[in-house]
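Notes to accompany the following structure.
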Amino acid sequence: MDKVVALCKRRGFVFPASEIYGGIANTYDYGHYGVLLKQNVIGQWWKSMIQERDDIVALDSAIIQHPRTWEASGHLAGFTDPLVDCRTCKLRFRADHLDQAACGRRPSKLAGQTPECDLTDPRDFNLMFETSIGAVKGEGSAVFLRPETAQGIFLDFKTVLSFARRKPPFGIAQVGKSFRNEITPGNFIFRTLEFEQMEMEFFVPPDQAGHWYEHWLAERMSWYERLGLRRDHLRLRAHDPDELSHYSSATSDVEYLFPIGWSELEGIADRGNFDLTQHAEHSGQKLEYVDGPSGERYLPHVIEPAAGVGRSMLAFLCDAYDEDELGGDQRTVLRLHPVLAPVKVAVLPLVNKDGQPELAREIYEELRRHVPAEFDSGGSIGKRYRRQDEIGTPWGVTVDHQTLEDGTVTLRDRDSLEQARVPRGELRDEIARRLAAPWRSPKLT
Ligand code: ATP
C-alpha cells in the first residue's frame with residue numbers, strides 16, 4: 001500500500017488535502033491523472049449500466065434533501081457507529097474495531113491494552129454531517145449531507161417512472177458524492193469523509209427479487225473482472241444473518257484482496273420494499289407501481305449494487321502496480337486495463353533534434369483528436385518511458401530518424417515491451433484496434 005500511495009503522490013494521482021495546513025483526516029485531493037482515471041472508472045460503470053443495456057435510466061439527485069428523508073430511511077436513528085473515548089490519550093475508537101486500533105500513547109499496543117488506558121462505555125455516534133440552510137440557524141433549518149446516493153433515487157421513483165417509459169424490472173442509476181463522518185483510520189482512499197458512489201436501484205416485481213439478486217451478483221463480479229482485476233483477488237461474501245441490515249433479506253459484498261487484506265469493494269443488497277414503504281408512509285404519497293393493462297398495483301422490491309469510486313480506483317491501482325527489471329534498471333509500471341489508463345498513447349521523439357520533435361508533435365496533434373495522448377520531449381528517452389510506465393500509458397510511439405525517411409514509427413507495448421514498426425497513417429486504427437481488443441492482466445500466471 002505504501003508503494004501505491006507514494007506513486008500516487010509522486011505522479012500526482014491523489015494526495016492529502018489541505019496539505020499546507022497539515023492535512024485533514026481521511027480527506028484527499030485528486031490531481032490530473034487521478035481525475036482522468038476516476039472519470040474512466042465512472043465512465044465504464046455508466047457504460048455497463050446505460051449503454052450496454054436498455055432497462056436502466058440515469059439520475060442526478062440533490063446532495064441536500066428534505067431532512068425527513070433521513071427519518072424515513074432510518075439513517076437519523078440508526079446510521080451510527082459505536083464509539084469509545086480514551087480518557088487518558090483523548091483518542092476516539094470504533095468499539096467494534098478495537099482489535100485494529102493502536103493505543104494513543106503506546107502504538108505498539110492496542111487501545112485498552114495498557115494499564116493506563118481508560119476507555120468509556122460505547123456510545124452511538126451518527127455518521128451524518130449536519131449543517132443548516134437559510135440565514136437563521138435554529139429549529140427547522142437543520143439538514144444533512146447525504147450519506148448515500150440511494151435515497152434520492154427512492155424519492156424520485158414516481159417522477160422517473162412517469163417519463164422513463166419503463167416498467168419493473170427497471171433500474172435508476174446515479175453517481176455522486178456522499179459524506180460520512182468516519183473516525184476509523186482510512187487506509188488512503190479506501191475510507192474517506194467524502195467519496196463518490198456509483199449506485200443503482202433495480203425495481204422488480206416482488207416474486208422476481210431472488211432472480212435479479214443473483215443476476216446483479218454475477219454482473220457486478222464480471223464488471224470488475226472485465227476491467228482487469230485478477231479473479232483470484234476477487235470474491236463474493238454473503239452476509240451472515242446477524243450482519244444483515246434490518247431492511248435486507250440478502251446482501252453480499254464484492255471483496256478485493258487489498259494489501260490491507262480482504263475488504264469490501266461493493267455491496268449488493270436485496271432491500272425488499274423497505275425504502276418505498278418508508279417514504280410512502282412519511283410523505284403520505286402513493287409510491288406503488290400500477291400496471292397499465294392489468295391494473296395490478298404493488299410496491300416493487302429493490303436490488304441495489306452500491307460501489308465506491310475511490311475504493312474501486314484503489315483496487316485497480318493496487319492490482320496494476322508492478323515492478324520489473326528493464327535493461328538492468330528497476331521499472332515501476334501500472335498495468336492498468338487500457339480503457340482505464342489516463343493516457344492511452346505517448347508520442348516521443350527519440351532525440352530532441354533533427355526535426356524529430358516537430359514531426360512527433362504533428363503525429364501527437366493527429367492522435368489526440370481520437371484518443372487521450374501526451375507529447376513528451378524532455379529528458380532521455382528512457383526517463384520519458386519510465387514516466388509513462390508509471391502512469392500506466394499502454395502504448396508509446398517513438399519518432400526516430402527512420403520516421404523522417406519512410407514515415408514509419410515504433411509502437412511500443414507497456415506490458416510485453418514489443419516494438420512494432422507501423423506506418424504513421426495506420427497508427428490511429430492500430431491503437432483503436434488494440435483498445436477494443438480483450439485484455440487480460442499480464443500479472444496473471
Ligand atoms: P464499510 O463497511 O466499508 O464502511 P459500508 O458497508 O458502510 O462500507 P455501503 O453503505 O454499502 O458501505 O456503501 C457502498 C460502497 O460505498 C462501499 O462498498 C464502498 O465502496 C463505498 N464507501 C462507503 N463508505 C465509504 C467511505 N467512507 N469512503 C470511501 N468509500 C466508501
Side-chain angles (χ1 to χ4, degrees), residues 1 14 16-17 24-30 34 38 41-42 45 70 73-75 78-83 93-97 100 125-129 144-154 173-201 213 216-217 220-221 223-224 227 229 234-240 242-248 250-258 260-271 274-275 302-318:
M1 186 70 107
V14 184
I24 172 163
N26 298 341
T27 308
Y28 290 86
D29 290 343
Y30 288 69
K38 183 151 74 86
V41 171
I42 294 172
W45 188 84
W70 312 109
S73 67
H75 283 86
F79 194 54
T80 54
D81 277 344
L83 298 186
F93 307 99
R94 278 261 299 260
D96 52 342
H97 287 182
Q100 302 160 28
F125 172 81
N126 198 298
L127 292 174
M128 285 197 293
F129 283 105
F144 300 92
L145 303 187
R146 66 180 175 199
E148 60 176 34
T149 64
Q151 296 304 321
I153 297 180
F154 298 124
Q174 156 150 256
V175 176
K177 274 219 166 157
S178 294
F179 304 81
R180 296 183 189 179
N181 198 354
E182 305 269 11
I183 69 125
T184 0
N187 284 313
F188 194 39
I189 51 172
F190 180 84
R191 188 184 302 285
T192 48
L193 300 187
E194 50 181 277
F195 53 98
E196 272 169 285
Q197 288 187 305
M198 308 181 281
E199 294 195 298
M200 196 275 297
E201 309 303 317
Y213 176 65
W216 283 108
L217 294 185
R220 294 304 302 149
M221 279 292 278
W223 185 79
Y224 290 104
L227 290 176
L229 287 193
L234 271 177
R235 73 178 184 197
L236 263 180
R237 188 185 66 82
H239 282 204
D240 292 333
D242 61 342
E243 243 185 301
L244 289 174
S245 314
H246 53 287
Y247 53 76
S248 177
T251 299
S252 291
D253 290 341
V254 177
E255 294 189 333
Y256 176 74
L257 186 53
F258 285 95
I260 50 170
W262 286 102
S263 310
E264 173 180 338
L265 202 48
E266 163 160 356
I268 298 153
D270 177 347
R271 299 179 72 114
F274 173 79
D275 305 273
V302 172
I303 310 300
E304 172 198 78
V309 176
R311 223 179 258 191
S312 312
M313 185 171 138
L314 183 59
F316 289 122
L317 284 167
C318 291

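Order of listing sets the numbers, starting from 1, for every ligand and every atom in it.
- With values rounded to the nearest 0.5 angstrom, Met221 atom CE is found 10.0 Å from Ser252 atom OG.
- Looking only at protein heavy atoms, the nearest one to atom 15 (C) of ligand 1 is Ala306 O, 3.6 Å.
- A cation-pi arrangement is absent between Arg237 and Trp262, since the terminal nitrogen or guanidinium carbon is not both under 6.0 Å from the aromatic centre and inside a 45° cone about the axis.
- The distance from the CG atom of Asn26 to the CD atom of Glu194 is 11.5 Å, given to the nearest 0.5 Å.
- Taking only non-hydrogen atoms, the option from Arg94, Met198, Gln197, Arg191 nearest to atom 4 (O) of ligand 1 is Arg191.
- Checked by atom type, the side-chain pair Thr149/Glu199 shows a donor-acceptor distance below 3.5 Å.
- Across Arg180, Arg94, His97, a single residue satisfies side-chain hydrogen bond (donor to acceptor under 3.5 Å, both in side chains) together with Asp81, and that is Arg94.
- When the options Phe195, Phe179, Phe79 are ranked by their closest heavy atom to atom 22 (N) of ligand 1, first place goes to Phe195.
- Residue contact check: Glu182 has heavy atoms under 4.0 Å from atoms 24 (N), 26 (C), 27 (N) of ligand 1.
- For the ligand labelled ligand 1, residue Glu148 lies outside the 4.0 Å heavy-atom shell.
- When hydrogens are left out, the protein atom nearest atom 2 (O) of ligand 1 is Glu264 OE1, 3.8 Å; that is the closest non-hydrogen contact.
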Audit row: Trp70, Gln151, side chain to side chain contact (heavy atoms under 4.5 Å, CB included) steps and yes/no: CA-CA 8 Å; Trp70 312 109; Gln151 296 304 321; 3.5 Å; yes
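- Counting the atoms of ligand 1 from 1 in the order shown, those under 4.0 Å from a heavy atom of Leu265 are 18 (O), 20 (O).
- Of the options Glu194, Glu255, Arg311, the smallest heavy-atom separation from atom 3 (O) of ligand 1 is shown by Arg311.
- Minimum heavy-atom separation, Asp253 to Gly267: OD1-CA, 3.6 Å.
- Among protein heavy atoms, atom 21 (C) of ligand 1 sits closest to Gly308 CA, 3.7 Å.
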Test log, rule side chain to side chain contact (heavy atoms under 4.5 Å, CB included), inputs Leu314 and Asn187: CA-CA 10 Å; Leu314 183 59; Asn187 284 313; 5.9 Å; no
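- Closest of all the heavy-atom pairs between Phe258 and Cys318 is CD2-SG, 4.4 Å.
- Taking every heavy atom of Glu266 and a limit of under 4.0 angstrom, the matching atoms of ligand 1 come to 18 (O).
- Among protein heavy atoms, atom 10 (O) of ligand 1 sits closest to Arg180 NH2, 2.9 Å.
- Not one N or O of Ile189 is nearer than 3.5 Å to an N or O of ligand 1, by distance alone.
- Here the heavy atom of the protein found nearest to atom 28 (N) of ligand 1 is Thr192 N, 2.9 Å.
- Counting protein heavy atoms only, atom 29 (C) of ligand 1 is closest to Phe190 O, 3.2 Å.
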